[in-house]
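One structure below.
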Amino acid sequence: MGTNKQSFSAPRGMRDFYPEDMPLRNAVFAAWHTAAGQHGFQQYDACVVETLDLLKKKSGDEIIGQIYDFTDKSDRELALRPEMTPSLARMVAARQNALRFPLKWYSIVQCFRYERMSKGRKREHFQLNLDIIGENSVLAEVEVISAATRALESLGLGPDDFCVHVSSRALLTDLLLKLDIPADHHPATFLALDKLGKISKEATSELLLTSGLDRSHVESVLSLLAIKSLDEANNILGAPTPASMRLSDFFQFMESYGLSDRVAFDISIVRGLAYYTGIVFEAFDRSKELRAIFGGGRYDNLLGDIGGNPAGGVGLGFGDVVLAELLTNKNSSIGVPNTADTGVGYMSEEQKPAAISLSLSLRQENILVDLALHPEKAKTFFSRADRSGFQQAIFIGPDDVASGTVRVKNLKTGEQQQMDLA
RNA sequence: GUGGGUGUAGCUCAGUUGGUUAGAGCGCCAGGUUGUGGCCUUGGAGGUCGCGGGUUCAAAUCUCGUCACUCACCCCA
C-alpha cells in the first residue's frame with residue numbers, strides 16, 4: 001500500500017459484514033433471541049461507551065490493559081465496553097429498589113477489547129449475555145446453560161459437537177482448605193489452575209511456588225487435577241460440603257432437562273475473571289480445537305462490589321466468533337439469503353411505468369421486489385436475476401404492455417406463468 | 001511481548017540460473033444471441049509485483065531496511 005493510498009481494509013481486529021456475510025450473522029442472532037425468549041429472559045441494551053472508572057472498578061486486572069479508552073472533548077475518560085457485566089451491574093444498581101427480583105435479562109451486544117489477535121479472537125465481537133440476578137437457587141445456573149445449549153441446538157449443534165465443562169470455585173475452595181492451604185493463597189492458586197492445560201505442569205508448579213506455596217502443598221494442589229468426578233472430590237473432603245451438594249443438584253437438574261449428554265464435571269475449569277464465586281462453566285467443541293464457545297458462572301458479590309445492595313446472580317457470555325468457526329468447520333449452511341424474492345425488469349423506457357406499477361402492487365402483497373432501475377436486455381436481466389438469487393423474475397417488453405399480461409418466470413424450474421398486469 | 005510464515009489483478013495463485021511487453025483460473029464488463037439466466041465461445045477492463053534504499057547493463061527475482069497480513073506461543077470473552 002503506497003503511503004498516499006487509503007487502505008481499504010478494516011482496522012486491525014475489526015470486521016466488515018458484506019451482504020453475503022449477513023445470513024449467518026442473522027441466523028446466529030435469531031437463534032440467540034429465540035432461545036433467550038423461550039427461557040423467559042427479557043431483552044435489554046446499554047450504551048456502547050462507559051466511563052473508564054466503572055470498567056476499572058469492575059473488570060479484572062488483565063482486562064484493564066485491553067480496554068479501548070479515550071478522552072472526550074471535555075476531558076472525560078471513557079471507553080468502549082470490553083464486556084457487558086459492568087453495564088448490567090450499573091443499570092441494575094440504578095434501579096435496585098424498583099426492580100423485582102430475580103431478574104432474567106439478556107442482551108446481544110458488540111464488545112471491544114484491544115489485544116493481540118489469534119484464531120477465534122478479534123478486537124471486536126458480538127456476544128449474547130444471559131444473566132439471572134437475585135436468585136440463589138442452582139436452577140438459575142441450569143436455566144442459563146439450558147438457554148445457551150438450546151441456541152446451539154437450533155443451529156444444528158448437539159451433544160456430538162460440544163460439551164459444557166462444569167466445576168465450582170466454592171468446591172475448589174473446600175478442597176484447598178482440606179489440604180491445609182490457607183485462604184490467602186487461593187486466588188493465586190485459582191490463577192495457576194486456570195492456566196493448566198495451556199501451560200505445562202512444570203510451569204504451573206513454578207507459578208505456585210513463586211506465589212508462596214511450599215513444595216508439598218504444590219504437589220497436593222496438582223493432585224487435585226486427578227479428580228475426575230464429584231464422588232472422588234467428596235472422598236477427599238470426607239463428606240459432601242454445601243458446594244459439592246450444590247454441584248450434585250446441578251447435575252441432577254441437567255439430567256431432568258435431558259441435557260446430561262452435554263455437561264461434564266471438570267475440576268480444571270476455574271475461569272479467568274475474578275468475580276466468580278460458585279459454579280463456573282465453559283463449553284468446548286468436542287475435539288477441543290477451538291476456544292470456549294460460551295462460559296460463565298455464579299457471582300455473588302457483583303452488585304455489592306460496585307456499591308449497590310448485595311445480590312448474587314449467574315451470568316453467561318456467548319460470543320459469535322468461535323461459534324461461526326464451529327459452524328464453518330461443520331460445513332453447515334444456515335441462514336436465509338438476504339435478497340428479494342422477485343426481480344422486475346423491462347426492455348426500454350416505454351415499459352418503465354408498467355414495471356413500476358407492477359412492482360408497487362406486488363409490494364402491497366408483501367412480496368420483496370427488486371425493480372430494475374434502468375432498461376436492460378432480456379439476457380442481461382435474467383442473468384442478473386439468477387445471480388442475485390431471486391426466486392422469480394418478470395421481464396416486461398412492448399408485447400406484454402400491449403396484451404396486459406406478463407410472464408412470471410420461476411428461476412429454479414424455468415417454468416413461466418401468465419399473470420395480468422395490474 | 002517471543003518465534004515462524006507470507007506479500008504479484010477483486011479472489012486463489014504461477015512466474016525457471018536476474019534477461020523483451022509480468023501470466024493462469026475464477027470473478028467482473030461486453031459481444032456471439034434486439035424477448036429469456038445457468039452451458040459454450042470471442043473479446044475487454046483491471047498490476048507503479050506492499051513500500052523505500054542497495055547491488056547490477058538489467059530486479060517480481062539477489063540484498064538491507066520498513067510496513068502490512070497471518071499462524072503458533074503468551075494472555076483472554
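First the proteins, then the strands, lettered A, B, ... as listed; each starts at 1.
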[X]: what forms a ring pair (Phe, Tyr, Trp, His ring centres under 6.0 Å) with it, not counting sequence neighbours?
| X | value |
| --- | --- |
| A/Y299 | A/Y275 |
| A/Y114 | A/Y68 |
| A/F41 | none |
| A/F381 | A/F395 |

Per [X] side chain, nearest of listed nucleotides [options]:
| X | options | value |
| --- | --- | --- |
| A/Q66 | B/G37, B/C75, B/G35 | B/C75 |
| A/P398 | B/C75, B/A77, B/G35 | B/G35 |
| A/D400 | B/C75, B/G37, B/G35 | B/G35 |
| A/R113 | B/A77, B/G37, B/C75 | B/A77 |
| A/Q127 | B/C75, B/A77, B/G37 | B/A77 |

Contacts satisfying salt bridge (Lys or Arg N to Asp or Glu O under 4.0 Å) that involve residues 19-42 of chain A (not counting sequence neighbours) are none
Return each pair, listed once, that meets salt bridge (Lys or Arg N to Asp or Glu O under 4.0 Å) where at least one residue sits in residues 38-50 of chain A; pairs must be two or more places apart or across chains. A/E50-A/R90
Set out, line by line, the N/O atom pairs under 3.5 Å between protein and nucleotides 68-70 of chain B.
unit_1: B/C69; atom_1: OP2; unit_2: A/R12; atom_2: NH1; d: 3.0

Distance-only criterion, 3.5 Å: show the donor-acceptor pairs between side-chain atoms of residues 134-141 of chain A and protein atoms not counting sequence neighbours.
unit_1: A/E135; atom_1: OE2; unit_2: A/S137; atom_2: N; d: 2.9
unit_1: A/S137; atom_1: OG; unit_2: A/L139; atom_2: N; d: 2.9
unit_1: A/E141; atom_1: OE1; unit_2: A/R298; atom_2: NH2; d: 3.2
unit_1: A/E141; atom_1: OE2; unit_2: A/R246; atom_2: NH2; d: 3.3
unit_1: A/E141; atom_1: OE2; unit_2: A/R298; atom_2: NE; d: 2.8

Looking only at the side chains, is there a donor atom on one of [X] and [Y] sitting less than 3.5 Å from an acceptor on the other?
| X | Y | value |
| --- | --- | --- |
| A/S260 | A/E255 | no |
| A/S154 | A/R150 | no |
| A/T405 | A/Q418 | yes |

Would you kindly give the [atom1]-to-[atom2] distance between [X] and [N], to the nearest whole Å?
| X | N | atom1 | atom2 | answer |
| --- | --- | --- | --- | --- |
| A/Q392 | B/G37 | CD | P | 18 Å |
| A/L290 | B/A72 | CG | P | 11 Å |
| A/K409 | B/U36 | NZ | C1' | 5 Å |
| A/Q418 | B/U36 | CD | P | 16 Å |
| A/E350 | B/G35 | CD | P | 15 Å |

Treat primed atoms plus P, OP1 and OP2 as sugar-phosphate and everything else as base, then score nucleotides 25-32 of chain B 5' to 3': B for base contact with protein heavy atoms under 4.0 Å, S for sugar-phosphate contact only, - for none. ---SS-SB
Under the ring-ring contact (aromatic ring centres under 6.0 Å, His included) definition, can you give me all pairs with a residue in residues 338-375 of chain A, not counting sequence neighbours? none
Identify whether any heavy atom of A/R271 sits under 4.0 Å from a base atom; if not, whether one sits that close to sugar-phosphate; answer base, sugar-phosphate or nothing.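 If one applies the 4.0 Å heavy-atom cut-off, A/R271 turns out to touch the sugar-phosphate alone, with no base involved.
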Using a 4.0 Å heavy-atom cut-off across all strands, classify A/G397 as base, sugar-phosphate, or nothing. base
Where each residue is assigned the nucleotide of RNA chain B containing its nearest heavy atom, which of A/G295 and A/K412 is assigned the position nearer the 5′ end?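 Closer to the 5' end of RNA chain B: A/K412.
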Using Watson-Crick or G-U wobble pairs with both distances under 3.5 Å, give me RNA chain B in dot-bracket, 5' to 3', with [ ] for crossers and | for pairs to another strand. (((((((..((((.....[...)))).(((((.......))))).....(((((..]....))))))))))))....
Per the side chain to side chain donor-acceptor pair (under 3.5 Å) rule, what does the pair list look like for residues 157-171 of chain A, sequence neighbours excluded?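 Only A/D161-A/K330, A/H165-A/D266 qualify under side chain to side chain donor-acceptor pair (under 3.5 Å).
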